[in-house]
Structure formats: structure tokens, C-alpha cells
Amino acid sequence: MQEETIQAAVDKILEDFNREIDRFRNLESHSTIVLNAKSEISELKDLEIQFRGKKGRIATDLPKIGTLDPKTRPRAAVTIQKMERHIKAEIAHEIKRREAIERQLNDERESIDVTIPGRRPRPGHLHPITLMRQRIEDIFVSLGYIVEDDREIETDFYNFDALNIPEGHPARDPQDTFYTTEGFALRSQTSTVQIHAMQRRGTPVRMIAPGRVFRRDTPDPTHNPMFYQVEGLCVDRGITMAHLKGTLAEFVHGLFGPDTRTRFRPSYFPFTEPSAEVDYSCFNCGGTGCRICKQSGWIELGGSGMVHPNVLRAANVDPEEFTGFAFGLGIDRTCARIYQLDDIRLLFENDVRFLEQFR
Ligand code: DAH
């Protein structure tokens, strides 16, 4: 091969190589380098093989130096070797730049600056309903009650029949709930725990049962399909309505202060006889009338009454020997009153901006 032909072939290889390597010369913005460094290094290694490999351009486009005419051999050898060095150096240089970037990034990732001030942890706090529940529990525990935490899925027997609400009874309607597996439903009242507690513990028994209940209600500012009640039950020999009144009076004293008064209005519940709705004098105005009690001076606490003999019988308690009282209060309702919430659903949305106010 002529010297000029070799020169031309070398020039052509160099031209092609330089076009290829140019793509790698201009490193783009930091973020794209970070993304591409690894794959570009392997592309560069491939490029080197394309030119300097066994079947690369240099091997295929150029004659072996040993086969050249001894007269032109030294100069041709210099030209070819120079080109080879150029290709090798360029590739090595570009690979090095990328490896350096990778190394720097690793260092940044792994380094810890011990002088940076620590981040103050943002401690959480209890939900307002939990705070309310705990206040209620504290008062009743101090009166000798135990706290029951019972199931939320119930059979008809516990939710209705045992509570003197047989099938077809109109009291079932407003307590329509959500049905799960055949024969089971989410409890619509915590009164279910009255039966469980008597069955489990026998008599006498004093217990409260705070917990979730469920009803097929359309949500609005005063209703939610899930809400919280606290049930109370006291069964012993010689329990009378006076004990009920004294207990709830003591409870509102504990919750709202010793000047709080109670009022009992005759009412109807299938599981108590007689039954009464309980009101307490407004914690805000003391009974003179304000916005919170809607000018009436009174706020409704919940339902109560003397446990119906049929309920005692359903739990295998002899109504000739034992009597008792029961009550059911709304935890979230009381919560909404105290904090003057005009929409009870705020308590269930779990918006941190709202909840943070109740630390
Ligand atoms: N379970 C009733 C309800 O959900 C509330 C209630 C009323 C419970 C009177 C009682 C009671 O224990 O005696 O509306």
C-alpha cells in the first residue's frame, strides 16, 4: 500500500473517530451527566473496541506495519501509532471525566455534615376524640367502673334481640347499619356490650364501653355513618334510679365542673324501663342561655334508664335478684359541643391543620 493511501485511510479513521468522540466531549448540565455517566462509560468502551479492537477499523482498514515496504515503514508506523495514541487518550480522558463525576457524587451522598443543626422532630398528639374518651374513662374508673373494649361486628342477637328489640320492632329502623357476612353487621350502638359484659363477668358489674358505632346515615354537619358512643352499665342488688341520677351528676361534675346541674326527661328506649334523656346545664353560660346551648341553658348528654328485665334475662341475670341502670352518651357529639365545631365531620377528616389545634 502506498504511503499516501495509508495517510488517507488514517485520516478517514480519525475523521470518523472524532465525529464519534465529539458527542461525548460536551458534558451537559449536571443532572443529565449524573443520569447518563454509567451508560456513557460503557458506550465509550464500545467505541474503543470499534476502532482499536481485533476486528476494529484500525485492524481492518490498515495494513499490518510488518507488511509495509521497509522504506516507507518507519514514517507510516509513526502516523498509525500517533492516531492510535490519540484514540486511546481521548477515550481514556472521557471515561475518566465520567468516573470522577460518579466518585464525587458518591462522596456527596455518603458525607455527613455534623455541623448542620438537627431537625426538631414534630411529635404527634392524641386525637380530640381520644382525649375526650380518656377524660370520660378517668371519671368512671375513679367511680369503680371497668372499661370494656368490645367487638364492632355483631350478630342481630347482641345488636337487637338481646336488647329487647325483636325482629319487626320499629326501633330497628333508625338503627339500620352496614351488613357484612350473612348474619353479621357493624354494631349500631354500644349497648351490645351490656350483654357481653354481663355474660362474661356475671353480676354485679359496673362497666363503661367506649367505641365506634355505625349507622346508615347520610353525612351532614351533625351526622356521620361512623361515630363514637360510650355505654355505661351498673347491675347489682338494690340499684335504683337514684343511683343513675347520682352517677351521671357526678360524671358531669367531673367533666364540666362542680356547678353543673343535670335534668332527666322521660323518654323511651326498648332496653330500659323507665327511660330518660339526660341534659346538663351549659358549661359555657351555666344555664342562662347562649349560642352554644342554643339559648336553652341545657345541653343533651344522652339516653339512660333502668335496665329492662328482658335484657337482664337475655344475659342470664335474674331480674328478681338484680336491677341496674344503663346509659349511652355520644363522645364526638360532646366533643363538637365543647370545641364549638359546627360540623362533626371535621373530627373524621383527619386534616392535620384542624387536628393540630387540639394539642
Ligand atoms: N343505645 C342508645 C342509642 O344508640 C343510647 C342509649 C340510650 C343507651 C339509653 C343506653 C340507654 O344504655 O339506657 O341511641
Side-chain angles (χ1 to χ4, degrees), residues 136 140 143 145-148 150-152 154 156-166 169-178 185-199 203 205-217 222-236 239-249 251-252 262-280 299-312 314-315 317 319 322-334 344:
I136 295 171
F140 280 106
L143 294 175
Y145 283 67
I146 48 155
V147 179
E148 289 279 5
D150 222 293
R151 67 213 75 182
E152 291 172 0
E154 275 297 357
D156 259 13
F157 175 76
Y158 287 96
N159 203 56
F160 294 124
D161 299 278
L163 292 166
N164 202 29
I165 315 174
H169 194 290
R172 286 196 179 204
D173 275 359
Q175 298 218 0
D176 197 13
T177 175
F178 302 94
L186 299 179
R187 68 178 178 194
S188 60
Q189 48 187 347
T190 45
S191 303
T192 54
V193 190
Q194 291 187 26
I195 310 298
H196 286 298
M198 284 190 279
Q199 287 181 336
T203 40
V205 66
R206 274 187 198 77
M207 70 93 198
I208 58 161
R212 288 191 187 90
V213 298
F214 307 83
R215 292 198 194 161
R216 247 189 64 180
D217 281 341
T222 55
H223 292 90
N224 198 59
M226 185 278 292
F227 57 101
Y228 286 79
Q229 288 186 332
V230 56
E231 192 74 15
L233 175 73
C234 170
V235 177
D236 204 339
I239 297 293
T240 69
M241 193 92 183
H243 295 112
L244 167 64
K245 295 177 85 170
T247 303
L248 290 181
F251 170 63
V252 295
T262 47
R263 169 174 94 170
F264 287 72
R265 286 179 285 118
S267 184
Y268 170 76
F269 297 103
F271 31 85
T272 44
E273 182 60 38
S275 306
E277 303 261 2
V278 192
D279 301 333
Y280 59 96
I299 297 173
E300 196 181 307
L301 184 65
S304 70
M306 298 306 292
V307 180
H308 196 289
N310 285 350
V311 175
L312 295 173
V317 175
F322 288 97
T323 52
F325 65 78
F327 54 87
L329 323 173
I331 300 183
D332 23 36
R333 249 201 306 165
T334 308
I344 202 158

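Just so you know, ligand 1 is whichever comes first in the structure, and atom 1 is the first atom listed for that ligand. Everything numeric in this text was worked out from a predicted model, so none of it was measured.
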Chi angles and distances behind the ring-ring contact (aromatic ring centres under 6.0 Å, His included) call for His243, Phe325: CA-CA 8 Å; His243 295 112; Phe325 65 78; 7.2 Å; no

Sorted by chain and number, the residues that approach ligand 1 to under 4.0 Å with a heavy atom: Gln175, Gln189, Ser191, Gln194, Arg215, Gln229, Glu231, Phe269, Phe271, Thr272, Gly303, Ser304, Gly305, Ala326, Phe327, Gly328

Phe327 ring center near Phe140 ring center (under 6.0 Å): yes

Result of checking Asp279, Val278, Leu301, Ile299 against Val252 for side-chain contact (heavy atoms from CB on, under 4.5 Å): Leu301

Partner set under side-chain hydrogen bond (donor to acceptor under 3.5 Å, both in side chains) for Tyr280, not counting sequence neighbours: none

Separation of Ser188 OG from Arg216 CZ (nearest 0.5 Å): 12.5 Å

Worked verdict on Gln189 versus Ile165 for side-chain contact (heavy atoms from CB on, under 4.5 Å): CA-CA 12 Å; Gln189 48 187 347; Ile165 315 174; 3.9 Å; yes

